[in-house]
Structure formats: structure tokens, C-alpha cells
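Below is one structure, written out as C-alpha cells; the observations come after it.
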Amino acid sequence: MWDSIYYFVMVPMVYIAFGTLFGGILFKFIVVLRSPKIKGTLAVFPRGPVPKLGALRDSFFIPDAFRKDKVFWFFIIAFHAAFLLLIIGHLELVREFALFQIIPHYVFLGAGWVGVVLIASTLYFLFRRFKSPWREISVPEDYIILLLLFLAFIFGSHMNLASRYGIAGFDIPVQSYREYLSSFFTSTPHVSRGIIASPHYVIVVLHVFFANLFLMLFPFSKMVHSVFMFAAQFIKRK
Ligand code: HEM
């Protein structure tokens, strides 16, 4: 029975998760584009001298958050920088990209720090919502999505650190991950033998399980703001 559950999490559920993620984001775009136009302007005054550059600066450096709360700003920047490296790391688990190896590194990149930074920032965002006034404006989904992220990060980071420091069974070769992940783009998706044979296969399954849940919830959570960030910054300057 467990074999079937593990297979479901590792293969069909991954398709369901990515389908829900992309379908959900598309749905959100349609909702926004079809919503009634607001009379007047959403622009913020005074307008800066170069609106487009200002929009990019505000999206990447978030000066509003810096002015209000330096610790919060620090964790936002750390989280987003680490998340970018996380995406690159996972792409390299699918196949080799010469572009990412311009600075040569072992896969998974970041020497374990990517996971540690993400765990610390997620805990900060979670506990921040326990305090007033954020507590009053938080809904259950805000806590659930942070908890799912935390769990996906904990198991991912555990796998990465354990394999890096040579814990037996965690030394699943990158090639086995590549065989598994690249098989999603073929007609025979499967979990490679190298992963199934590991005594810690359950940790991989737990990581993928919580990651799948996160991906499915993302379009329906407040985190979807990241997708609309640039558009919102440009509207503020129209
Ligand atoms: C469903 C697809 C996913 C698969 C198959 C997958 C697989 C993996 C694997 C195999 C590793 C460890 C690599 C190693 O041992 O060196 C890993 C690491 C990690 N994953 Fe995932 N992952 C997935 C999605 C996600 C998602 C959606 C998140 C979070 C949003 C995530 C967060 C992490 C983190 C934080 C690490 C550790 C990075 C580090 O310590 O530097 N993963 N993942």
C-alpha cells in the first residue's frame, strides 16, 4: 500500500500540483483583467522623474518596507534572494544548464545555506503574524501556507545537508534525481531506482508532498502578490 501512496505523491500529485499552480495563476489573471475598471487613478503622487526605473527599484529593493521596519525588510530580501537560488537549484536537478555553471558549483548550489536562510525567514514571517496588528489582519490560509513552506524547506534542507555531510542513504546521486525529474517530460514518468533504493526515500516523499501542497495553495494565497508585483508598481506610476 505504501508503495502506491509514495508513487502517487512522487508522480501523479506532482502533475496535479503544477497543473493547479499554472491553472490557478491563469485564473487569477483572468479575474483581474475582467474586473470592472476603477474610476479615477491608482497612481501615487508625487511621481518620480523616471517612472519605469522607479517601478523596478521599488519591486526589487522594496524601499517602503525599509522605511517602516528594517528587520522585516532584511528578511524579505533574504527570502527572495534565497528563493531565486532555490529555483535555479531545482532546475539543475532536472538537467545540466551550462549558463548556471558559469560560476562552477556542486548541485545543489548554496552549500546548504539556501535552505537555512529560507527556514529562518519563513519562521520570522510566521511568528510575526502571531503579534498585533498583523494577527488581526491574518486569516488561517496565511498561517497554513507558511507552515507548508516551512515543512517543505525543512525536509529539503535536511536532504541536502545530510547528503552533503555524507549521512548513509542520503547520498542519492544527482543523476538519480535527473532521471526522475526529467522523466516528467517523457511518456514514462517514473521514480528512479537510485531514489527508491535509499533507506530515506520517505524523506524525499515528505519533501515532495509538502512542496506539492504549497504549489497547489500558492495561487489562492496572498503570496500570489509576487506574480502581480511589477504590474502593480507600474499602475502606481501611470
Ligand atoms: C515537487 C517538486 C520538487 C522536487 C522533486 C524537489 C526535490 C528536491 C531535492 C531532491 C532536494 C535535495 C537535493 C540534494 O539532496 O542535494 C531538494 C532541496 C530543497 N527543496 Fe525541493 N523539490 C521540489 C519542490 C520544492 C518546493 C516547491 C520547495 C519550496 C518552495 C522546495 C524547497 C527545497 C529546499 C529549501 C531545499 C534545500 C535547499 C538547500 O538546503 O540549499 N522544493 N528538493
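Side chains are part of it too, since the values below use all heavy atoms of this structure and drop only hydrogens, waters and symmetry mates.
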* Could you check Phe61 against Phe66 for ring-ring contact (aromatic ring centres under 6.0 Å, His included), going step by step and ending with a plain yes or no? => CA-CA 8 Å; Phe61 299 109; Phe66 185 76; over 10 Å; no
Would you say [X]'s side chain and [Y]'s backbone share a donor-acceptor pair under 3.5 angstrom?
X      : Y      : result
His190 : Thr188 : yes
Tyr180 : Met10  : yes
His80  : Ile77  : no

Hphob cluster co-occupancy, [X] + [Y], side-chain heavy atoms under 4.5 angstrom:
X      : Y      : answer
Phe22  : Phe27  : no
Ile144 : Val224 : yes
Phe185 : Ile87  : yes
Met229 : Leu56  : no
Val9   : Phe18  : yes

* Partner set under ring pair (Phe, Tyr, Trp, His ring centres under 6.0 Å) for His207, not counting sequence neighbours ->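 His207: no ring pair (Phe, Tyr, Trp, His ring centres under 6.0 Å) contacts found.
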* With sequence neighbours left out, write down each residue that passes ring pair (Phe, Tyr, Trp, His ring centres under 6.0 Å) with Phe228, or none if nothing qualifies. => Phe29
If you compare all heavy atoms of [X] against all heavy atoms of [Y], which two are closest, and at what distance to 0.1 Å?
X      : Y      : value
Val32  : Ser35  : O-OG, 2.6 Å
Val204 : Tyr177 : CG2-OH, 4.3 Å
Ser176 : Gly194 : OG-CA, 3.5 Å
Phe214 : Leu148 : N-CD1, 4.1 Å
Ile62  : Trp73  : O-CD1, 3.3 Å
Met216 : Ala17  : CG-CA, 3.5 Å

Going by side-chain contact (heavy atoms from CB on, under 4.5 Å), name the residues that satisfy it together with [X], two or more places apart in sequence or in a different chain.
X      : value
Ser121 : Phe75, Phe79, Val117, Phe125
Ile154 : Ile119, Phe150
Pro12  : Tyr7, Phe8
Ala162 : Ile167, Phe170

* To do: Scan for salt bridge (Lys or Arg N to Asp or Glu O under 4.0 Å) pairs involving residues 65-90, sequence neighbours excluded, and state none if there are none.
  => Asp64-Arg67
Is any side-chain heavy atom of [X] less than 4.5 Å from a side-chain heavy atom of [Y]?
X      : Y      : answer
Ser192 : Ile195 : yes
Ile25  : Leu21  : yes
Thr20  : Leu215 : no
Ser138 : Phe130 : no
Phe210 : Leu147 : no
Val227 : Lys28  : no
Asn212 : Ile16  : no
Arg129 : Asp142 : yes

* Take atom CZ of Phe74 as the centre, draw a 6.0 Å sphere, and report whether it contains more than 12 heavy atoms from other residues, nucleotides or ligands. => no
Remaining members of hydrophobic cluster (4.5 Å side-chain criterion), [X]:
X      : answer
Ile137 : Trp134
Tyr165 : Leu161
Leu26  : Ile30

Just how far is it from atom [atom1] of [X] to atom [atom2] of [Y], taken to the nearest 0.5 Å?
X      : Y      : atom1 : atom2 : result
Phe153 : Asn160 : CZ    : CG    : 13.0 Å
Leu126 : Ile145 : CG    : CD1   : 12.0 Å
Ser157 : Leu118 : OG    : CG    : 8.5 Å

* **Flag for Ser183-Glu179: side-chain donor and acceptor within less than 3.5 Å** =>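 No donor-acceptor contact under 3.5 Å links the two side chains.
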Donor-acceptor list for residues 93-106 side chains, cut-off 3.5 Å, not counting sequence neighbours:
from, atom 1, to, atom 2, distance (Å)
Gln101, OE1, His105, N, 3.0
Gln101, NE2, Glu92, OE2, 3.2
Gln101, NE2, His105, O, 3.1
Gln101, NE2, His105, NE2, 3.4
His105, ND1, Ile103, O, 2.8
His105, NE2, Glu92, OE1, 2.8
His105, NE2, Glu92, OE2, 3.1

* Asked: Has Arg128 got its NZ or CZ under 6.0 Å from the middle of the six-membered ring of Phe72, at an angle within 45 degrees of the ring axis?
  ->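 Yes, Arg128 lies over the aromatic ring of Phe72.
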* To do: Kindly determine whether Tyr143 and Leu146 satisfy side chain to side chain contact (heavy atoms under 4.5 Å, CB included), including the steps that lead there.
  => CA-CA 5 Å; Tyr143 298 97; Leu146 285 169; 5.9 Å; no
* Would you sort out whether Val191 and Tyr6 count as a side chain to side chain contact (heavy atoms under 4.5 Å, CB included), showing the intermediate values? => CA-CA 10 Å; Val191 188; Tyr6 285 8; over 6 Å; no
* Under the side chain to side chain contact (heavy atoms under 4.5 Å, CB included) criterion, do Glu141 and Phe220 qualify, and how do the steps go? -> CA-CA 9 Å; Glu141 299 92 275; Phe220 312 101; over 6 Å; no
* So Leu151 and Phe209, side chain to side chain contact (heavy atoms under 4.5 Å, CB included) or not? Walk me through it. -> CA-CA 10 Å; Leu151 290 166; Phe209 177 67; over 6 Å; no
Side-chain donor/acceptor pairs under 3.5 Å, residues 107-116, sequence neighbours excluded:
none

